[in-house]
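Report on the structure given below.
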Amino acid sequence: MLTYSVEQLPSFNAAFYNGARAELSKVAELTVPPRDARAFEVPAGHFFRIVSVEGPQVGDLNLWNAHDLTERFYSGKTRALHATHLSTGGRLWSTFPRLRPMATITHDTLDWYGWDEDGAGVHDIIGTRCDPYTNLLLKGTEYHHCCHSNLTRALVTARDLPLEEAEVHVHDVMNVFMCTGYTRDTHQYFMKASPVRPGDFIEFFAEIDLLVALSACPGGDCGASHSDDAAKCYPLNVEVHRPLERVLIGWQSPPPNRYSRSHGTG
């Protein structure tokens, strides 16, 4: 049986999201350089897109409540409620105690990929992000442009935080455009070259006010290596779009989880 029966989750209202995205105004745009990251804000009720512009490139995505960094993307619970890889209709859930949708995927030009002969899919939430600690552990060298470090620097810049304070808020990611799975024999996490091409994009609807950070992974298309300068890397573009006000009439951000937080003490 499935671990969670998800019939009680709010359903994906395709008519609402398609109606909202039918007429959009671009309000912001930025470029994430190769082997680096950028942070940006997305107001609730807006859309943001991550766009491939020059060549196959994987991005590592972090989400926070723009007003409270302790509420952030919870990849493990999202994976348990949805799947190991996300596409249109999938939601990105936040950490306890709020446990609510932070963003909903509203369009994905790679939704055709599905599952390949190796059991791999695109846009995984099983990988943790490449980081300098594991790299030092396995390779014995320091590398400062892993996605963990990139995201940390981006948060430092966005919120003017000390490095040590910013780092603890960086968390497990959604690996945008990354093609991954588990081997059938040893059940180990594997990656293969991403199918993303210039013009492809994935689009999200911000369910709450978001602070978003995106790293253009040093692994490039993640077909051969990461955590080094060996791979060919490309920038990623980010676009923020505002829908017409009238289409959001009656829509509200999802409330925090209503659990009493008594934990059996009263």
Side-chain angles (χ1 to χ4, degrees), residues 31-40 50 52 54-64 69 72-76 78-79 84-86 92 95 118-159 161-183 185-196 211-236 238:
T31 298
V32 181
R35 296 186 175 87
D36 208 346
R38 293 290 185 269
F40 53 97
I50 300 171
S52 170
E54 293 183 15
Q57 176 65 46
V58 165
D60 283 41
L61 184 69
N62 267 190
L63 303 178
W64 298 271
L69 296 181
R72 61 196 190 192
F73 172 49
Y74 189 175
S75 65
T78 300
R79 183 168 62 246
T84 58
H85 298 69
L86 299 179
L92 281 67
T95 46
D118 296 314
V122 181
H123 309 308
D124 86 69
I125 50 173
I126 48 180
T128 56
R129 71 197 174 275
C130 57
D131 70 89
Y133 302 98
T134 305
N135 189 68
L136 181 63
L137 178 69
L138 299 179
K139 297 181 181 179
T141 58
E142 291 203 357
Y143 183 71
H144 304 300
H145 293 276
C146 297
C147 288
H148 176 86
S149 297
N150 297 345
L151 293 166
T152 298
R153 293 194 308 273
L155 187 55
V156 166
T157 300
R159 289 300 165 96
L161 295 174
L163 188 67
E164 296 80 6
E165 184 179 339
E167 184 179 13
V168 299
H169 292 294
V170 173
H171 51 279
D172 286 351
V173 298
M174 178 178 177
N175 286 304
V176 175
F177 303 141
M178 194 171 182
C179 189
T180 61
Y182 287 107
T183 60
D185 50 359
T186 60
H187 306 288
Q188 290 174 286
Y189 181 56
F190 73 83
M191 61 186 190
K192 59 194 298 186
S194 173
V196 68
L211 175 65
V212 183
L214 178 68
S215 171
C217 182
D221 70 1
C222 287
S225 69
H226 61 79
S227 302
D228 56 43
D229 290 332
K232 177 66 175 176
C233 292
Y234 300 92
L236 291 169
V238 172

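Using a distance-only test at 3.5 Å, with no hydrogens or angles considered, no donor-acceptor pair links the side chain of Arg159 to the main chain of Ala166. When atom types are taken as modelled, the side chain of Asn62 and the backbone of His171 share a donor-acceptor pair closer than 3.5 angstrom. The backbone N or O of Ala120 lies less than 3.5 Å from no partner atom in the side chain of Asp118, so there is not a single donor-acceptor pair. With Arg129 contributing its side chain and Val173 its backbone, the two residues share no donor-acceptor pair below 3.5 Å. Listed for the Asn135 side chain is a donor-acceptor partner under 3.5 Å among the backbone atoms of Thr141. Put simply, the side chain of Gln57 never gets that close to the backbone of Leu236: no donor and acceptor are under 3.5 Å apart. Of the possible donor and acceptor atoms, one in the side chain of Thr152 sits under 3.5 Å from a partner among the backbone N and O of His148.
Taking every heavy atom of both residues into account, His144 and Asn150 meet most closely at O-OD1, 4.1 Å. Annotation for Met191 and Cys222: closest pair CG-O, 3.2 Å, computed over non-hydrogen atoms. For Thr31 against Pro235, the heavy-atom pair with the smallest separation is CG2-CB, 3.7 Å. Ser194 and Val58 make their closest contact through CB-CG2, 4.2 Å (heavy atoms, listed as atom of the first residue, atom of the second, distance). A pairwise comparison of heavy atoms in Cys147 and Ser215 identifies SG-OG, 3.2 Å as the closest pair. Of all heavy-atom pairs between Leu86 and Thr78, the closest is CD1-CG2, 4.0 Å.
Partners of Tyr143 under the ring-ring contact (aromatic ring centres under 6.0 Å, His included) rule, at least two apart in sequence or in another chain, do not exist in this structure. Residues passing the side chain to side chain donor-acceptor pair (under 3.5 Å) test with His226: none are found, sequence neighbours excluded. Thr128 is linked by a side chain to side chain donor-acceptor pair (under 3.5 Å) to nothing, counting only residues two or more places apart in sequence or in another chain. With sequence neighbours left out, Thr186 forms a side chain to side chain donor-acceptor pair (under 3.5 Å) with Thr183, Gln188. In this view, Phe177 and His123 satisfy the ring-ring contact (aromatic ring centres under 6.0 Å, His included) rule, not counting sequence neighbours. Applying the side chain to side chain donor-acceptor pair (under 3.5 Å) test to His169 and every residue at least two apart in sequence or in another chain returns nothing.
When the shell of 6.0 Å around NZ of Lys232 is examined, it contains 12 or fewer heavy atoms from other residues, nucleotides or ligands.
Contact check for Arg38 versus Pro33: side-chain heavy atoms found under the 4.5 Å cut-off. With a 4.5 Å cut-off on side-chain heavy atoms, Leu161 and Leu69 count as touching. With a 4.5 Å cut-off on side-chain heavy atoms, Asp221 and Val196 do not count as touching.
The line from OG1 of Thr180 to CG of Asn175 is 6.5 Å long, rounded to the nearest 0.5 Å. A distance of 12.0 Å separates CZ of Arg72 from CG of Leu63, quoted to the nearest 0.5 Å. Distance check: Cys217 SG to Asp36 CG gives 12.5 Å after rounding to the nearest 0.5 Å. Note that NE2 of His145 and CG of Asp229 are 7.5 Å apart. Values are rounded to the nearest 0.5 Å. Atom NE2 in His85 sits 9.5 Å away from atom CE in Met174 (nearest 0.5 Å). Taking CG from Asp124 and OH from Tyr189, the interatomic distance works out to 3.5 Å, rounded to the nearest 0.5 Å.
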Would Leu211 and Leu155 count as a side-chain contact (heavy atoms from CB on, under 4.5 Å) if you check the C-alpha gap in whole Å, the side-chain angles of each, and the deciding distance to 0.1 Å?
-> CA-CA 9 Å; Leu211 175 65; Leu155 187 55; 3.7 Å; yes
